[in-house]
Amino acid sequence: MLGKNPSRSAKERILVVDDEGNAREALRDILTEEGYEVVEAGDGEEALLLMQSFAPAAVLADVRMPRMDGLTLLLRARELGSDAVFVMMTAFASVEAAVEAMRAGAENYLVKPLDVNAVLVVLEKALEKLRLQRDTQNLRERVRERYRFHNIVGDAPELQAVYEVVKRAAPTRATVLILGESGTGKELIAQALHEESPRRDRPFIKVNCAALSETLLESELFGHEKGSFTGAIGRKEGRFELADGGTLFLDEIGDISPALQVKLLRVLQQKEFERVGGVSTLKVDVRLVAATNRDLAAEVKGGKFREDLYYRLNVVAVTLPPLRNRKGDIPALVSHFVEKYGKAYGKEIRGLAPGTLNALLAHDWPGNVREIENVMERAVVLAKGPELNSDDLPPTLRGPRPRERSPGALIPGATLYEIEREAILRTLEMVGGSTSRAAEILGISVRKIQYRLKEYANGGGNGGEEAAEESTGSG
Ligand SMILES: Nc1ncnc2c1ncn2[C@@H]1O[C@H](COP(=O)(O)OP(=O)(O)OP(=O)(O)O)[C@@H](O)[C@H]1O
Ligand SMILES: [Mg+2]
């Protein structure tokens, strides 16, 4: 006899479906005694109705019942999205029907008359499977969530801090200044701010302040009246007007002229402006997001950027980390871009050849994510087979790096650290850089993989033991 399961925190819910009242009641008593929460139904139709409010974890269902039989109940329950495990109950004469139900997805079956022990064992096994399924599902969702904040790939603590600020600042009207080197994803963050905000259904308008001359930029931002300057043929609405109710993203804000800085300051302070050559004052409701790869604070000190405007823009500041400081994200980015460009070019890339990931980890990525995106696109285009290899990388990344990789991590012969490193890199290569898949295969956490990758990228990490091995290793 099984004891009450102490590891079950909440009572698990069981639905017992049988047209024989006595059989139902007997089961109910046994299961209740075992600590389950039990509800009964007299046929499939009644069960289906109950399932929607009761949401059982397991269903013990008779195969033959009036109105709706057990198999139909199972199929209908699945259609309604239930993931409950099904255990069919059947008289010996209709075992075939129970087997059919298993083909349709039932977990197991019991032959009547029921043996109490068998019921409990089979039920507990079925529930265990469900728990596992749900855990895996949750894990997958958590992994997906962690890697997908508005299509922004990366899990490094510095990035997570950025996501946090974005989530907190997005619902407000506060102006956000996004800083970071070129290619770190400033534009993606600006979009995420808009998408996370209540303005998401209103326009997101972008202006690249570095791309236009002062005159053109002014009319681009504020619009102009007919004939206000040479070339102003008709009247034109500016980006501030177009963004009304939404978000205006001023990219490369560090590049605007002193005169425009004054005009921008006024809009920020008074929320009003005039079109170029216009007399009437326009009012708009715009949320401003600005970005630059310049060191704006230094520009302020150097007198090139107005301090008052800087403080107006810098209500909330977000700084994106350069890729070289978060190398643990490299495999996830590689996997993301391989998938993206694999689809775009109709190529199925399944993995990376040994050593390829090491080369990618060793590079310093001055062009940040944009650079790795370009490198991976190029590699996908050049790839001759289903594996990317270092020949598909630009020459600057290739180079033989004999010491980067312990030669084969011999067993016995290599340290446990080396063997682990080999296992992690090989697995990551096999799955095209997907840290979540590698973690699943290796049975370790994504965190641990990323932690190790950082060590490898920084040239070894753990212990002089390994460093000594590497320096004497054949290579
Ligand atoms: N974390 C990321 N995950 C996925 N893609 C990214 C990520 N960061 C950047 N990218 C991609 O890299 C490219 C460059 O990003 P983005 O244009 O946002 O950079 P930026 O910081 O604005 O650069 P610049 O200062 O040069 O304008 C884009 O194609 C973008 O989609
Ligand atoms: Mg940009």
Side-chain angles (χ1 to χ4, degrees), residues 149-200 204-211 217 221 239-240 243 246-258 260-271 284-326 329 365-370:
F149 181 74
H150 298 271
N151 254 333
I152 304 170
V153 178
D155 186 23
E158 299 94 322
L159 264 192
Q160 285 184 14
V162 168
Y163 302 157
E164 266 319 300
V165 176
V166 167
K167 277 191 217 149
R168 264 186 280 140
T172 72
R173 265 205 55 155
T175 301
V176 178
L177 179 62
I178 307 170
L179 301 167
E181 292 178 12
S182 185
T184 47
K186 296 187 291 295
E187 189 162 345
L188 284 183
I189 290 294
Q191 267 159 2
L193 269 166
H194 177 70
E195 294 297 327
E196 286 272 308
S197 81
R199 297 166 178 260
R200 69 179 72 88
F204 175 80
I205 304 283
K206 180 195 154 172
V207 181
N208 184 339
C209 301
L217 180 58
L221 287 175
R239 299 290 168 122
F240 268 100
T247 306
L248 181 64
F249 174 42
L250 299 181
D251 204 1
E252 319 284 1
I253 190 84
D255 291 53
I256 62 171
S257 69
L260 266 183
Q261 289 179 27
V262 178
K263 292 189 172 145
L264 201 54
L265 184 64
R266 179 174 162 229
V267 195
L268 279 174
Q269 282 171 339
Q270 280 142 33
K271 300 183 175 51
V284 285
D285 165 29
V286 167
R287 201 271 176 88
L288 207 68
V289 175
T292 179
N293 51 26
R294 296 196 185 187
D295 182 349
L296 217 49
E299 309 258 309
V300 170
K301 273 205 192 103
K304 289 192 205 109
F305 202 87
R306 290 185 69 101
E307 190 169 20
D308 44 8
L309 177 59
Y310 174 66
Y311 286 117
R312 280 275 166 185
L313 293 171
N314 195 9
V315 177
V316 176
V318 166
T319 304
L320 285 169
L323 186 55
R324 65 182 166 280
N325 291 356
R326 51 179 189 104
D329 283 342
W365 303 107
N368 294 298
V369 182
R370 182 178 290 114

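Excluded from the calculations below are hydrogen atoms, water molecules and symmetry mates; all remaining heavy atoms, backbone and side chain alike, are included.
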Any donor-acceptor N/O pair, [X] side chain to [Y] backbone, under 3.5 Å:
X: Glu196; Y: Ala170; value: no
X: Arg312; Y: Arg266; value: no
X: Asn368; Y: Ser182; value: yes
X: Gln261; Y: Phe305; value: no
X: Gln160; Y: Asp155; value: yes
X: Lys186; Y: Gly180; value: yes
X: Arg239; Y: Lys206; value: yes

Quick check: are there more than 12 heavy atoms from other residues, nucleotides or ligands sitting under 6.0 Å from CD of Glu307? no

Can you confirm whether more than 12 heavy atoms, excluding those of Lys304, are under 6.0 Å from its NZ atom? no

Answer whether the closest heavy-atom distance between the side chains of Val176 and Val165 falls below 4.5 Å. no

Could you tell me whether the side chain of Ile152 reaches within less than 4.5 Å of the side chain of Ile189, counting heavy atoms only? yes

Go through Arg326 and Glu158 one step at a time and tell me if the salt bridge (Lys or Arg N to Asp or Glu O under 4.0 Å) criterion holds. CA-CA 8 Å; Arg326 51 179 189 104; Glu158 299 94 322; over 6 Å; no

Salt bridge between Asp285 and Arg199, side-chain N to carboxylate O under 4.0 Å? yes

Below 30° counts as parallel, above 60° as perpendicular, anything between as tilted: where do the rings of His194 and Phe204 land? tilted

Sole candidate of Asn314, Leu309, Ile253 that passes side-chain contact (heavy atoms from CB on, under 4.5 Å) when paired with Leu296: Ile253

